[in-house]
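Below is one structure, written out as structure tokens, with a few remarks after it.
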Amino acid sequence: MNVNLQYSGLKLNRGDLLRRNQEELEQLWNHEQCRIIPVLENRNLFTLLSQEAPANKTVRAAIHTRKELAAYLEQAQHRTFLGFSADIPYFSVEVCADHQDSLTAYVAGKFIDLRSVGPQLDQATSSLLAYARALTYWQRHNRFCPVCGHHLLPTHGGHILRCSNEPCGHLIYPRTDPAVIMLVQRTSETGVRQCLLGRHPQWTGNTLSTLAGFVEPGESLEEAVRREVTEESGILVGDVSYIASQPWPFPSSIMLGFFAEAISSEIILDPHELAEAYWFSKADLEAFGEWGEEGTDFTLPRQDSISRFLIKRWMELQD
């Protein structure tokens, strides 16, 4: 099955071999076509579009040449080689907060949380910005060696952090935390196919979603699906089928999507995990509103999420 989920489908050649050659990386950084992805405090830079733009398009990713952004890069940190496309190298940097106002004025834009505008972007752009955000977040949150406490220094184009204490030399690599997300389904007593959706206690509004949770050490993905569903909802699960995955660098996860067949039906909530959960048929879901809408009993998850994809895929299979 060909799946095109937001924040996946990166079009760059990541250039692993180039990361090992500092001289070549400097040449790429100084290349006249070098493109920069600015990041500031986990937010990406966007140009705000005029009112003449389509209603569903309010921003455009602000990706400029290094020469165009030279005045804002002097104090930039966390320079990372992302890769290249059509011989154009791409780097991400975290710009200095002192430059925020002048930089946003220069691009007629704003630093924005990628999740709030992700659905407006094409897949290639959203994946590039998510990639840059993820690596910058990782570097910002790993400054000291966990072995000896010395500062960490970037190497391999920003993809490895090495302890500055040479006798230690400990290496830190970017991490991705695996999380399972599953649409639990069953056949009701009346023969109607239903799926289980719920709401986390911290969520405001009336959005319901598929269940999800992190994989624990020493646990297979299928075991994680069964454990999480039972812990959160009291539902026992039998067959588990992998469907698709989605990078979710908010801050550093990959969502592994499954369909799971329930072998029990009584919902027993863990109030720390779910405020509410119900079984829904396809007809029920068709009456749901869109994420962020008011005036409906329930709304579907946001468009850019794998939860929404799983629900949509399940509804298609009920025809």
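Computed from a predicted model, the values in this text were never measured in an experiment.
One hydrophobic cluster holds both Val229 and Leu274 under the rule that ILVMFWY side chains link at heavy-atom gaps under 4.5 Å. Hydrophobic clustering places Ile306 together with Trp314 (ILVMFWY residues linked when any side-chain heavy atoms are closer than 4.5 Å, directly or through intermediates). Cluster membership check: Ile243 shares its hydrophobic cluster with Leu183, using side-chain heavy-atom separations under 4.5 Å among Ile, Leu, Val, Met, Phe, Trp and Tyr. Leu208 and Ile311 fall within the same hydrophobic cluster, where Ile, Leu, Val, Met, Phe, Trp and Tyr residues are linked whenever their side-chain heavy atoms come under 4.5 Å apart, directly or through other members. Taken together through direct or relayed side-chain contacts under 4.5 Å among Ile, Leu, Val, Met, Phe, Trp and Tyr, Phe258 and Ile181 form parts of separate hydrophobic clusters.
Here the CG-SG distance, from Asn165 to Cys148, works out to 4.5 Å after rounding to the nearest 0.5 Å. Between the OG1 atom of Thr104 and the NZ atom of Lys110 there is a distance of 9.5 Å, given to the nearest 0.5 Å. From Leu17, atom CG reaches atom CZ of Arg19 across 9.5 Å, with rounding to the nearest 0.5 Å. Here the straight-line distance linking atom CZ of Arg162 with atom CD1 of Ile172 works out to 12.0 Å at 0.5 Å rounding. Rounding to the nearest 0.5 Å gives a distance of 8.5 Å between CH2 of Trp138 and NE2 of His159. Atom CZ of residue Arg79 and atom CD1 of residue Ile36 lie 8.5 Å apart, to the nearest 0.5 angstrom.
Of the N and O atoms on the side chains of Asn142 and Arg175, not one donor lies less than 3.5 Å from an acceptor on the other residue. Side-chain contact check for Asp284 and Ser281: at least one donor-acceptor pair (N or O, by modelled atom type) lies under 3.5 Å. His78 and Glu94 are linked by a side-chain donor-acceptor pair at a separation below 3.5 angstrom, with hydrogens and angles left out of the test. Defined by atom type and a distance below 3.5 Å, a donor-acceptor pair is present between the side-chain atoms of Ser188 and Thr190. For Thr210 and Ser307, the side-chain atoms include at least one donor-acceptor pair closer than 3.5 Å. Under 3.5 Å, the side chains of Thr299 and Glu290 contain no donor-acceptor pair of N or O atoms. With no hydrogens or angles considered, no side-chain donor-acceptor pair links Gln139 and Thr136 at under 3.5 Å.
Summarising the geometry of Leu269 relative to Ala275, their closest heavy-atom pair is CD1-O, 3.8 Å, with the distance given to 0.1 Å. Contact between Phe91 and Cys34 at its shortest, heavy atoms only, is CD1-SG, 3.5 Å. Ser164 and Leu153 make their closest contact through CB-CD1, 3.8 Å (heavy atoms, listed as atom of the first residue, atom of the second, distance). Ile235 approaches Thr230 most closely through the heavy-atom pair O-OG1, 2.9 Å. Between Ser253 and Thr176, the closest heavy-atom pair is C-CG2, 3.8 Å. Nearest heavy-atom pair, Glu232 versus Ala212, reported as atom, atom and distance to 0.1 Å: OE2-O, 2.9 Å.
The number of heavy-atom neighbours closer than 6.0 Å to CD of Glu286, taken from other residues, nucleotides and ligands shown, is above 12. In this structure, Glu26 places its CD atom where more than 12 heavy-atom neighbours from other residues, nucleotides or ligands lie under 6.0 Å away. The environment of NE2 in His272 is sparse: at most 12 heavy-atom neighbours from other residues, nucleotides or ligands sit within 6.0 Å. Within a 6.0 Å sphere centred on CG of Asp113, other residues, nucleotides and ligands contribute more than 12 heavy atoms. Around CZ of Arg60, the count of heavy atoms belonging to other residues, nucleotides or ligands within 6.0 Å does not exceed 12. At most 12 heavy atoms of other shown residues, nucleotides or ligands fall within 6.0 angstrom of atom CD in Glu166.
Formation of a donor-acceptor pair under 3.5 Å by the Arg133 side chain with backbone atoms of Pro249 is found in this model. Using a distance-only test at 3.5 Å, with no hydrogens or angles considered, a donor-acceptor pair links the side chain of Gln246 to the main chain of Asp304. Remark: the backbone N or O of Ala62 is not paired with any side-chain donor or acceptor of Thr47 at under 3.5 angstrom. The backbone N or O of Glu223 sits less than 3.5 Å from a side-chain atom of Ser220, completing a donor-acceptor pair. Using a distance-only test at 3.5 Å, with no hydrogens or angles considered, a donor-acceptor pair links the side chain of Ser264 to the main chain of Leu236.
Put simply, the residue from Gln194, Arg193, Gln318 that forms a side-chain hydrogen bond (donor to acceptor under 3.5 Å, both in side chains) with Gln185 is Arg193. Applying the side chain to side chain contact (heavy atoms under 4.5 Å, CB included) test between His31 and each of Gln27, Arg35, Gln33 identifies Gln33 as the sole match. Each of Glu216, Glu273, Glu222 was checked for a salt bridge (charged side-chain N to carboxylate O under 4.0 Å, His left out) with Arg227, and the lone residue meeting it is Glu216. Residue Leu128 forms a side chain to side chain contact (heavy atoms under 4.5 Å, CB included) with just one option from Asp122, Leu121, Ile37, Asn44, and that option is Ile37.
Side-chain contact between Pro38 and Leu69 is present, with at least one heavy-atom pair separated by less than 4.5 Å. For the pair Leu12 and Phe84, the minimum side-chain heavy-atom distance is 4.5 Å or more. Side chains of Gln120 and Thr58 form a contact here, defined as non-hydrogen atoms less than 4.5 Å apart.
Note on Glu261 versus Arg226: no salt bridge recorded, every NZ/NE/NH1/NH2 to OD/OE distance being 4.0 Å or above. No salt bridge links Arg14 with Asp16; every basic N to acidic carboxylate O contact stays at or beyond 4.0 Å.
In this pair, Tyr278 and Phe298 present their aromatic rings tilted. The plane angle is within the 30 to 60° band. Classified by interplanar angle (parallel below 30°, tilted 30° to 60°, perpendicular above 60°), the ring pair Phe288/Phe280 is perpendicular. Relative orientation of the His151 and Phe144 rings is tilted, given thresholds of 30° and 60° on the angle between their planes.
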Given Asn206 and Arg199, is the side-chain hydrogen bond (donor to acceptor under 3.5 Å, both in side chains) satisfied, shown in steps? CA-CA 8 Å; Asn206 56 349; Arg199 180 177 64 83; over 6 Å; no

Show, in sequence, the C-alpha distance, side-chain angles and deciding distance for Tyr72 and Tyr106, and conclude whether the ring pair (Phe, Tyr, Trp, His ring centres under 6.0 Å) test is met. CA-CA 10 Å; Tyr72 311 101; Tyr106 174 71; 5.6 Å; yes

Evaluate the criterion side chain to side chain contact (heavy atoms under 4.5 Å, CB included) for residue pair Val59 and Ile112; output intermediate values, then yes/no. CA-CA 10 Å; Val59 300; Ile112 302 173; 4.0 Å; yes

List the steps, then state whether side chain to side chain contact (heavy atoms under 4.5 Å, CB included) holds for Gln6 with Phe309. CA-CA 10 Å; Gln6 206 73 333; Phe309 169 80; over 6 Å; no

side-chain hydrogen bond (donor to acceptor under 3.5 Å, both in side chains) between Ser126 and Gln123, intermediate numbers included: CA-CA 5 Å; Ser126 73; Gln123 188 184 13; over 6 Å; no

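The ring-ring contact (aromatic ring centres under 6.0 Å, His included) pairs that include a residue from residues 4-27 are Tyr7-Trp248, Tyr7-Phe250, where partners are two or more places apart or lie in different chains.
With a 6.0 Å cutoff to the six-membered ring centre and a 45° limit on the axis angle, Arg186 counts as a cation-pi contact of Trp279.
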